[in-house]
Amino acid sequence: MLTGKAKKDFENWMKDKLLLYPQNELGSLADMFKAALIIEWLDTVSIIITINNEYYDGFHFYWEINKAKPLRSNRVFPTREQATIFAIEKANGIYNSV
């Protein structure tokens, strides 16, 4: 889900925050648990993502950088999990670009 600088910084954050850090990196963590941890880390670097189903046509995600007005994805996802993964990939690109 994460690449480059984002992956490295997230892994360092996990080592500092978690008592039991998986020795074989993130591969051993279930994807949705990993996603929850990534979202927590993104909060700490001021990239806020939110997943919702407010229009009941599928799941959308919003992202917000440094408390600016949230931006909504144009894409609709059939599941919360798919929207979460796409949102994390979007946040990954944003983080790695700064």
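Nothing here was measured: the structure is a model prediction, and the numbers come from that model.
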Measuring from [X]:[atom1] to [Y]:[atom2], what's the distance to the nearest 0.5 Å?
X: Gln82; Y: Ile51; atom1: CD; atom2: CD1; value: 11.5 Å
X: Ile47; Y: Ile38; atom1: CD1; atom2: CD1; value: 12.0 Å
X: Leu42; Y: Asp9; atom1: CG; atom2: CG; value: 11.0 Å
X: Lys34; Y: Met1; atom1: NZ; atom2: CE; value: 5.0 Å

Worksheet, complete the sentence: Here the pair of heavy atoms bringing Ala91 nearest to Ile49 is CB-CG2, 4.5 Å

Item to complete: Identify the heavy atoms of Phe59 and Ala83 that sit nearest to each other, and give their distance.
Response: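 Closest approach of Phe59 to Ala83: CB-CB, 3.9 Å.
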
Minimum side-chain heavy-atom gap [X]-[Y] below 4.5 Å:
X: Thr84; Y: Ile39; value: yes
X: Asn52; Y: Phe61; value: no
X: His60; Y: Phe77; value: no
X: Met14; Y: Trp41; value: no
X: Trp13; Y: Glu40; value: yes
X: Leu71; Y: Tyr62; value: no

Discussion item. One pair to check against side-chain contact (heavy atoms from CB on, under 4.5 Å): Arg75 and Phe86. What are the steps and the verdict?
Written reply: CA-CA 10 Å; Arg75 190 166 168 194; Phe86 196 88; 3.1 Å; yes

Practice prompt. Check for a donor-acceptor pair, side chain of Asn92 on one end and backbone N or O of Leu2 on the other, with a separation under 3.5 Å.
Written response: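 No, the answer is negative, given that no donor and acceptor are paired below the 3.5 Å cut-off.
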
Worksheet item: Are the side chain of Asp43 and the backbone N or O of Ile48 linked by a donor-acceptor pair below 3.5 Å?
Response: no

Worksheet item: Do the side chains of Ile88 and Phe33 join up, straight or via other hydrophobic residues, at under 4.5 Å, putting them in one cluster?
Response: yes

